[in-house]
Amino acid sequence: MPNWAPQLLLLLAFLSYKTTLHVAAKQWPVLGSSTRFYDFKVQTRRITKLCETKNVVTINGMFPGPVVYAQEGDRVIVKVTNETPHNATIHWHGIQQKLSCWFDGPAYITQCPIQTGHSFVYNFTLVNQKGTLLWHAHFSWLRATVYGAIIIYPKNGVHYPFKLPRAEHIIILGEYWLKDAIELEKATLAGGGPTFPADAYTINGCPGPNYNCSANDVYKIHVVAGKTYLLRIINAALNTEHFFTIANHKLTIVEADAEYTKPFYVDRLMIAPGQTMNVLVKADQPIGKYSMAMGPYMSARNVSFRKTPAIGFFQYKGTTPNGFAFSAQLPSFNDNFAVMRVMDGLRSLNTNKVPLEIDRKLFFTIGLNVEKCHSPNPKKSCRGPHGGVLAASINNISFISPNISLLQNYYYNAINGHFTEDFPAAPSKPYDFVNGAPNNSPHDTQSARGTRTMVLEYGTRVQLILQDTGTVTTENHPIHLHGYSFHVVGYGTGNYNPNKAKLNLIDPPYMNTIGVPVGGWAAIRFVADNPGVWFMHCHLEIHMSWGLSMAFIVKNGKGASETLPPPPADLPKC
């Protein structure tokens, strides 16, 4: 391949993204094992939405950001230069970062942030990965506008496990605020109560006709009757899970979190922040214009949220431009059965990877807490339930973000009180997690606080039970594990009971983000074979800010192939 080919591919990908956010099947890039170069500039751009003009942080002035196109086995090099007044990092969500933990991206976990006027080069290889993933900012709440798609094509000569569609389209679901994202987080934490609902939901950055000044700010997919299309659906939203549907059309799920699934049909799907799903849609209806709708799934109690759906159009060739649009019917906002319908159908196409023997069994409770108010101005700073301050925790421990890089300090054995290695394998005492928590609000709902990690020996086969709790409210929590995908071997409602739980050890879905059911549990398995410090957290940004996170430290194994290399020379300094 000539040395100008990667730059040409980048240019073509950029032009394709800017114009239609789709790639026709006959135009899919022909890639070989090589290195893909991208140049990301974190920039501020003025955009107008919802009748107001404001500054937003973007990559290369694009909202959503540029698509990273690559092929399984490729090396990806992205130079990120920060031209804004804010700190910044980029996380390559779902990329397993084999022996490249330094480039994972969460601020103060694997790196210090990239400061104003500085650059950092991310450098990783796509080992045994293909499909749809995403990248996003991982500092404060910058990912409200700093996000984009990662599209990894199969190796040359390897075909999709389904008939080649006519074209593919990227669908990125998001949330939009008129308020500055960093100020939004500061105001939420300063108030001690719930955060502010989004001002709009968006499909590829477009709110659609339900919102003020947005009649022409609509994303459209143009289709030909009788043809089948691949939609790569990504939820990049900040604080809300979402339903997605297309009026009068079936969605055939064929991939979840960049892993092929056995195909199955749904009328609508629920996709949580951080999750990706590929679906096939056949244009098998009468010629016309059909609404694509994105609306909220809200399982928590007493939480305010935006109810107005974002609308795009699935528009057939030959349709009258301003003609009638068939309406899409979304589920009710708290339809748990619609959520379970999707999970019930997810089955991996590959069936030979599940660890059957387990070395380490873990049990993590997840949920919200209310801390006591210690502010001299409680009306301003203690707006949580019963005059307290909202928090969140795993095993009743709220994570305190350090002001150093955990990975760097661990690598150089310079703990120095910055973190501890004593995160508990289970809660301190068992109780009725869902229905009868001994610290139910308004009683003592305090959590312990600390930067606590758990150490895993290289090669440890782990089973982790994630249990929702009702301390403040039960809720569906999208839990994301950095550096790994995991087998979702089971899930259910109520408290996990090992004597009654039915586990799927044959063909469970292989994911990097799992929605732990409201008032229920999920069981995941993975092998700790990637050394480094790996963040695990709820992908609802407000919950992560409140402390619903922890970190695994996976030790080196034997030899170079099982040992984390030294840090790069340009690793940012705190």
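The figures here come from the full heavy-atom set of this structure, side chains too, leaving out hydrogens, waters and symmetry mates.
Between Phe433 and Trp521, the distance separating the two ring centers is not shorter than 6.0 angstrom. Side-chain rings of Phe526 and Tyr484 approach one another, their centers coming within less than 6.0 Å. Between Phe423 and Phe364, the ring center distance clears the sub-6.0 Å criterion. You'll find the ring centres of His543 and His537 outside the 6.0 Å limit. Aromatic pair His86/Phe139: centroids not less than 6.0 angstrom apart. Aromatic ring centres of Phe103 and Trp92 lie farther apart than the 6.0 Å criterion allows.
With 3.5 Å as the limit, one finds no donor-acceptor pair spanning the side chains of Thr276 and Thr132. In this structure, a donor-acceptor pair under 3.5 Å is absent between the side chains of Thr471 and Thr445. In this model, no donor atom of one side chain and acceptor atom of the other lie less than 3.5 Å apart for Glu457 and Thr460.
Residue Ser393 comes nearest to Asn369 through the heavy atom pair OG-OD1, 2.7 Å, listed as atom of the first residue, atom of the second, then distance. What you find for Leu330 and Arg268 is that their closest heavy atoms are C-NH1, 4.2 Å. Closest approach of Ile404 to Cys574, counting heavy atoms only: CA-SG, 3.8 Å. Contact detail for Val533 and Leu406: the closest heavy-atom pair is CG1-CB, 4.2 Å. Taking each heavy atom of Ile506 and Pro508 in turn, the nearest pair found is C-CD, 3.5 Å. Contact detail for Tyr122 and Gly105: the closest heavy-atom pair is CE2-CA, 4.2 Å.
At least one donor-acceptor pair under 3.5 Å links the side chain of Asp359 to the backbone N or O of Arg461. In this structure, the side chain of Asn530 engages the main chain of Leu99 through a donor-acceptor pair within 3.5 Å. No donor-acceptor distance shorter than 3.5 angstrom exists from the side chain of Asn504 to the backbone of Gly490, with no hydrogens or angles considered. Remark: the backbone N or O of Leu238 is paired with a side-chain donor or acceptor of Glu175 at under 3.5 angstrom.
Between His91 and His136, the angle of the ring planes goes over 60°, which puts this pair in the perpendicular group of the 30/60° scheme. Aromatic ring pairs are classed by plane angle as parallel below 30°, tilted from 30° to 60° and perpendicular above 60°; the pair Tyr496 and Phe363 is tilted. In this pair, Tyr411 and Trp102 present their aromatic rings perpendicular. The plane angle is above 60°, beyond the 30 to 60° band.
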Let me see the working for Lys98 and Asp529 under salt bridge (charged side-chain N to carboxylate O under 4.0 Å, His left out), right down to the final yes or no.
-> CA-CA 9 Å; Lys98 292 293 185 181; Asp529 58 359; 3.4 Å; yes
Evaluate the criterion side-chain contact (heavy atoms from CB on, under 4.5 Å) for residue pair Tyr147 and Ile59; output intermediate values, then yes/no.
-> CA-CA 8 Å; Tyr147 58 79; Ile59 297 296; over 6 Å; no
For side-chain hydrogen bond (donor to acceptor under 3.5 Å, both in side chains), just list the numbers for Glu241 and Asn476, CA-CA rounded to whole Å, side-chain angles, deciding distance to a tenth of an Å, and then say yes or no.
-> CA-CA 9 Å; Glu241 300 170 295; Asn476 193 93; 2.5 Å; yes
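Taken from CZ in Phe196 to OG in Ser304, the straight-line distance is 9.5 Å, to the nearest 0.5 Å. In this structure, the separation between CG on Asn396 and CZ on Arg449 is 12.0 Å, given to the nearest 0.5 Å.
Among His539, His93, Gln275, the one residue that satisfies the side chain to side chain donor-acceptor pair (under 3.5 Å) test with Thr513 is His93.
Applying the 6.0 Å contact sphere to CD1 of Ile400 captures more than 12 heavy atoms from other residues, nucleotides or ligands.
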